[in-house]
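Starting from 1, each residue takes its place in the sequence as its number. All values below were derived from every heavy atom in this structure, side-chain atoms included, with hydrogens, water molecules and symmetry-related copies excluded.
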Amino acid sequence: MSGEKEFVQHLQHLKIGSIEDLLQQIGEPGARIICGGTDLLVKMRSGAISPERLLDISEIDALRAIEEKDGRIEIGAAVTESEILASELVTVCLPLLRTALVHLGSLQIRNRGTLGGNLVNASPAADSAVPLLLYNAELILQRAGSERSIPVEEFFRGPGQTALASGEFLRTVSIPIPREGFDPFFHKVGRRRALAIAIASLGALLWVEGGVVAEARLAAGSVAPTAIRLSRTENLLTGEKITPELIAQARELAAQEVSPITDIRASAGYRREVIGDLVERFLNEVVG
C-alpha cells in the first residue's frame with residue numbers, strides 16, 4: 001500500500017470538461033492525457049513514464065460520440081471499446097472493426113479502454129490498428145489554433161511512437177463507410193485464449209466479382225514495428241482468379257513482406273509462418 005501511495009502522491013489528477021480546457025492544459029510540462037488508463041497506468045507503474053499531471057478526458061462529451069457524417073463514421077477518441085461493440089452503426093457498416101475489438105483484452109478492459117488510447121499507445125500488436133488500416137481510416141489531430149487529418153498508417157512511427165506533436169491530441173477517428181460485399185477476415189494468434197497479446201494477426205477485406213478479385217486489402221499486426229498493409233500481396237491478388245497456385249504464391253509473398261522480431265512470445269520465423277498460414281486460410285475460406 002505504501003508503494004501505491006508513493007506512486008500517486010506526486011500526481012495531479014484533473015478532470016477536463018471541454019476541449020477548450022484540454023487545449024489550455026495539454027502543453028504544460030509533465031502533462032499526460034488519461035481516459036481508461038489501461039495502458040498508461042501500466043507504463044507508470046513500471047517506471048517507463050513519470051507524468052506530473054494527468055488530464056482526464058473521460059467526461060468530454062465531444063470526444064465520446066459515434067456518428068455518421070457525409071459518408072463517414074466518426075468515432076471520438078474517448079469512446080470505449082465496449083461502446084463501439086454496442087454501436088449498431090459500427091456493427092452494420094464496420095463489422096471488421098467490431099470483430100477485432102471482440103478479441104481485445106477482457107470485458108473489464110474493454111469497458112475502460114478507449115479506441116484513442118489503443119491507437120496512441122502505438123503497440124505493433126494493437127488490435128484496432130489492423131481493421132482501421134483496412135478501412136483507410138484517417139485520424140484528426142488537434143492542437144491550439146489548428147487541426148490536421150492524417151492517414152492512420154502515417155500516425156504510427158514505431159513501437160510506442162506516433163506522429164503527435166507537442167501540445168497535440170487525437171480527437172477523432174474518421175472512417176469512410178465501405179461498400180457492401182467485401183469478404184471480411186480477422187484472426188490473431190496468441191499464447192492463450194483470453195487476454196492474449198497477438199503473436200501475429202491478420203485482417204483482410206476481399207471484393208470478388210465474377211470469380212476474379214476486384215479489390216484486395218490485407219493488413220498484419222505484431223510482425224513489424226507497426227501494423228502494416230501487405231501491399232505486394234494485395235497487388236498479386238488483384239485482377240486474378242483465386243486458384244491453389246495463387247494461394248500458394250500469396251502465402252509465400254505475405255511471409256516475405258513482414259519483418260518480425262524474436263521475443264519471449266515467439267520467434268521471427270514462427271511469426272512469418274503464422275502470417276502465411278492465415279493468408280492461406282482466408283483465401284481458402286473465400287473459395288469455399
Side-chain angles (χ1 to χ4, degrees), residues 35-46 48-49 77 80-82 84-85 96-110 112-135 137 139 151-164 170 173 184-204 217-230 233 254-255 257-279 281-282:
C35 194
T38 56
D39 291 314
L40 183 66
L41 292 178
V42 172
K43 291 182 177 181
M44 290 170 62
R45 287 193 171 94
S46 71
I49 59 173
T80 68
E81 284 112 14
S82 288
I84 294 171
L85 290 174
L96 197 63
L97 177 59
R98 190 182 192 285
T99 299
L101 293 184
V102 164
H103 295 280
L104 191 154
S106 64
L107 176 61
Q108 293 87 346
I109 290 173
R110 294 191 295 270
R112 293 286 302 172
T114 62
L115 182 60
N118 194 239
L119 295 172
V120 170
N121 190 49
S123 167
D127 288 318
S128 65
V130 168
L132 292 179
L133 282 171
L134 295 171
Y135 283 133
L139 305 185
V152 66
E153 60 265 29
E154 295 180 14
F155 182 72
F156 302 116
R157 298 292 174 85
Q161 301 175 0
T162 72
L164 282 170
L170 170 58
V173 179
F185 177 88
F186 180 84
H187 190 82
K188 74 175 182 179
V189 174
R191 296 184 66 178
R192 55 189 180 186
R193 288 184 178 272
L195 296 171
I197 298 174
I199 289 173
S201 62
L202 179 78
R217 305 182 191 177
L218 292 90
S222 291
V223 288
T226 67
I228 58 170
R229 286 280 290 265
L230 303 180
T233 306
E257 281 200 80
V258 299
S259 54
I261 62 170
T262 295
D263 59 18
I264 60 173
R265 292 183 290 122
S267 69
Y270 178 70
R271 285 184 161 101
R272 289 184 188 276
E273 184 177 346
V274 167
I275 288 299
D277 287 347
L278 291 176
V279 169
R281 172 178 168 177
F282 167 59

Can you name the nearest heavy-atom pair linking [X] to [Y], along with the distance?
| X | Y | answer |
| --- | --- | --- |
| A227 | V130 | CB-CG2, 4.4 Å |
| A204 | L218 | CB-CG, 4.1 Å |
| V274 | A200 | CG1-CB, 3.7 Å |
| I275 | A220 | CD1-CB, 3.8 Å |
| A254 | V279 | CB-CG2, 3.6 Å |
| T114 | C35 | CG2-SG, 3.6 Å |

Test salt bridge (Lys or Arg N to Asp or Glu O under 4.0 Å) applied to R229 - qualifying residues, sequence neighbours left out: E234
Counterpart residues, side-chain hydrogen bond (donor to acceptor under 3.5 Å, both in side chains), relative to S82 (two or more places apart): N111
Partners passing side-chain hydrogen bond (donor to acceptor under 3.5 Å, both in side chains) against T233 (at least two apart in sequence or in another chain): E257
With a 3.5 Å cut-off and sequence neighbours excluded, list the donor-acceptor pairs that the side chains of residues 117-125 form with protein atoms.
{"unit_1": "N118", "atom_1": "OD1", "unit_2": "S128", "atom_2": "N", "d": "3.3"}
{"unit_1": "N118", "atom_1": "OD1", "unit_2": "S128", "atom_2": "OG", "d": "2.6"}
{"unit_1": "N121", "atom_1": "OD1", "unit_2": "K43", "atom_2": "NZ", "d": "2.8"}
{"unit_1": "S123", "atom_1": "OG", "unit_2": "A125", "atom_2": "N", "d": "3.0"}

Is the shortest heavy-atom distance from the side chain of [X] to the side chain of [Y] under 4.5 Å?
| X | Y | answer |
| --- | --- | --- |
| V152 | Y135 | no |
| F282 | H187 | no |
| F185 | L96 | no |
| L230 | L202 | yes |
| L132 | L115 | yes |

Sequence neighbours excluded, every pair satisfying side chain to side chain donor-acceptor pair (under 3.5 Å) that has a member inside residues 152-161: none
Qualifying residues under ring-ring contact (aromatic ring centres under 6.0 Å, His included), relative to F156, sequence neighbours excluded: none
Side chain to side chain contact (heavy atoms under 4.5 Å, CB included) between F186 and D127, intermediate numbers included: CA-CA 10 Å; F186 180 84; D127 288 318; 4.3 Å; yes
side-chain contact (heavy atoms from CB on, under 4.5 Å) partners for R272, two or more places apart: A255, V258, P260
Separation between OG1 of T226 and CG of L133, rounded to the nearest 0.5 Å: 7.5 Å
R271 (side chain) donor-acceptor with V223 (main chain) under 3.5 angstrom: no
Donor-acceptor contact below 3.5 Å, side chain T262 vs main chain A268: yes
